[in-house]
Amino acid sequence: MRSVVPVLTVVAVILVLWYAAVIPMNAQWAYDQAARAEVDLSFSDLVAQTMSADRPRLPAPHQVVVELWNSTVMEELTGRFGLVETGTLSNRSLIYHGWVTLSATLVGFGIGTALGILLAVGIVHNRAMDRSVMPWAIASQTIPILAIAPMIIVVLNAVGITGLIPKAIISAYLSFFPVVVGMVSGLRAPDAMQLDLMHTYNANRWEIFAKLRWPSSVPFLFASLKVGIAASLIGAIVGELPTGAVAGLGARLLSGSYYGQTIQIWSALFAAAILAAGMVALIGLAQRITLKRMGMMQ
Amino acid sequence: MSEQTVIEARDLGLTFETNSGPIHALKDVNLTIEKGDFVSFIGPSGCGKTTFLRVVADLEQPTAGEITVNGMTPAQAREARAYGYVFQAAGLYPWRNIERNVKLPLEIMKMDRAEQDRRVSEVLELVDLKGFEKSFPWQLSGGMQQRASIARALAFDADLLLMDEPFGALDEIVRDHLNEQLIALWKRTGKTIGFVTHSIPEAVYLSTRIVVMSPRPGRITDIIESPLPAERPLDIRDSREFIEVAHRVREGLREGMSDVA
């Protein structure tokens with residue numbers, strides 16, 4: 001719990017800077033309003049107005065928090081389409097949109113992780129794959145995801161695949177890469193002496209893999225998974241942008257920008273950040289438990 | 001070659017091709033090691049002592065001459081699991097406790113569970129690590145880790161034990177203690193031991209024969225049959241015979257260096 005004070009300090013500094021930025025960012029709008037109404041604007045009025053604008057250039061933190069609360073808990077409890085009223089999640093709530101994005105993220109993360117591990121195993125055990133796969137994997141990540149995502153959606157749509165799967169594939173496209181890179185390092189982590197030792201036992205490649213390379217790579221795997229899950233979430237959100245803003249956090253971002261709803265955009269951004277932080281924390285927990293059980297954590 | 005011959009090297013040579021020209025790691029090495037010998041290889045770095053051990057273990061391929069291990073090629077001997085190898089670092093798996101580390105070769109050799117358990121408890125007794133079965137390597141001192149790695153090499157009961165500076169990284173007090181234990185272990189088991197070291201007292205104290213080597217090219221300059229009795233308390237190192245043997249080893253080492261440095 002020693003980390004609480006530094007973390008709170010950083011949060012406080014960010015909040016102060018954010019609030020300080022809200023005033024000049026929205027001042028022009030407040031002055032225009034005042035000019036139109038032909039009134040003089042005192043400083044305290046200016047501050048009050050910039051903090052409570054309907055469509056501010058930069059919403060104040062408390063506006064985002066209120067929007068987050070209203071579009072999650074309040075919407076589901078009291079909304080006309082909410083969980084309490086209808087028994088299903090409201091399509092106006094961030095819980096619904098968050099779940100849409102999360103499900104695509106998790107499926108994509110699963111595919112990406114499996115693919116990444118398979119490729120890494122191939123690269124470590126096969127010289128031809130070692131030479132050929134890595135350059136392509138790196139090249140794949142240099143293509144802007146925003147450019148390739150609509151293509152994937154269109155192509156899959158043409159063969160009748162819509163909904164979650166195309167988004168999951170975009171997620172997988174981003175998340176396999178850190179897993180490949182991490183797992184190649186992990187599977188190659190055993191030094192020459194440890195490989196020599198296996199050689200003296202006349203161990204075959206499978207035994208070397210199962211008893212030496214795989215366990216050695218576990219810490220690397222978890223580090224990769226943390227990067228991979230965050231990349232997966234970005235992939236799923238990007239995958240939601242070209243679908244016409246139907247559902248998901250990406251759709252909320254897009255519809256927010258259509259209608260100038262900056263508060264909605266910011267609250268969707270925060271929902272995505274909270275989701276990512278939660279998933280990374282879960283992987284961190286799995287890492288601690290696994291390494292402890294393996295005896296690798298002191 | 002008699003029944004009792006474990007290792008036989010004839011005109012053995014190994015040349016590494018490097019960018020800066022060939023390196024003669026071993027040249028014209030002739031050596032016979034009989035069953036039950038405790039043979040130390042001593043010499044400065046680059047003299048090929050480790051390379052020779054690695055050739056015996058089929059971890060390096062000779063480029064000249066012949067070598068047999070138990071009458072077979074090193075590769076056949078390795079496949080027959082004819083030797084246990086102890087490296088300079090203990091190299092225990094951090095994710096396995098001591099018991100499961102020692103079991104590693106037994107699992108690979110697909111021994112049945114009961115036999116694995118029996119052997120683990122036997123060799124841990126032998127290296128004085130009873131009671132540490134469930135400990136993880138990081139919980140043990142360096143000396144204990146190295147003892148566990150010796151137990152691992154003993155677990156499948158090969159008649160030949162190859163040790164590459166196993167105590168090189170340990171302090172002198174721990175080293176003395178382990179030397180004493182190693183002698184006791186060798187007498188109890190009757191194994192043949194090939195032991196690489198760069199410590200003169202260690203070589204003289206442990207060995208029945210001392211092979212003195214010198215570098216560039218790596219070769220044998222002297223083979224000394226130890227006159228010391230089989231019973232060797234630590235204070236034998238103050239005896240006249242011991243000092244004489246140590247002196248001869250030192251002379252051999254100096255001779256080997258004279259035409260180089």
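Residue numbers start from 1 in every chain, and the chains themselves are labelled A, B, ... in the order their sequence lines are given, proteins ahead of strands. Keep in mind that what you see is a predicted model, and the values were worked out from it rather than measured. Just so it is clear, the values below take in all heavy atoms, side chains as well, and ignore hydrogens, waters and symmetry mates.
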Please name the pair of heavy atoms, one in [X] and one in [Y], separated by the smallest distance, quoted to 0.1 Å.
X: A:Lys211; Y: B:Leu104; result: CD-CD1, 3.8 Å
X: B:Asp58; Y: A:His199; result: O-NE2, 3.6 Å
X: B:Gly91; Y: A:Leu197; result: O-CD2, 4.5 Å
X: A:Tyr201; Y: B:Met109; result: CD2-CE, 4.2 Å

Could you list the donor-acceptor pairs under 3.5 angstrom formed by side chains in residues 212-222 of chain A, with sequence neighbours left out?
from	atom 1	to	atom 2	distance (Å)
A:Arg213	NH1	A:Leu187	O	2.7
A:Ser216	OG	A:Leu212	O	2.6
A:Ser217	OG	A:Trp214	O	2.7

**Report entry** Side chain proximity check, A:Gln194 to B:Tyr93, heavy atoms < 4.5 angstrom
**Finding:**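 Yes. Closest side-chain heavy atoms under 4.5 Å.
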Requested in this report: Using a heavy-atom cutoff of under 4.5 Å, enumerate the residues of residues 114-123 of chain B that contact chain A, numbered in order, or state 'none'.
Outcome: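 The list, in residue order, is empty: none.
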Query - Contacts with chain A made by residues 150-167 of chain B (heavy-atom distance under 4.5 Å), listed by residue number - result: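 Result: B:Arg152, B:Phe156.
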Query raised in the report: Between CZ of B:Phe87 and OG1 of A:Thr200, what distance do you get to the nearest 0.5 Å?
Result: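 Atom-to-atom, B:Phe87:CZ and A:Thr200:OG1 are 5.5 Å apart.
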Report task. Rounded to the nearest 0.5 Å, what's the gap from CD on B:Gln76 to CG on A:Asn202? Could you check? Result ->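 Answer rounded to 0.5 Å: 12.0 Å.
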Report task. Sort B:Tyr85 into side chain, backbone, both or neither according to what part of it lies under 4.5 angstrom from a heavy atom of chain A. Result ->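 Contact with chain A is through both the backbone and side chain of B:Tyr85.
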Query raised in the report: Is it the backbone or the side chain of B:Lys110 that comes under 4.5 Å from a heavy atom of chain A, or both, or neither?
Result: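 Contact with chain A: side chain only.
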Query raised in the report: Any salt bridge (charged side-chain N to carboxylate O under 4.0 Å, His left out) pairs touching residues 79-93 of chain B, not counting sequence neighbours?
Result: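 Matches after skipping sequence neighbours: none remain.
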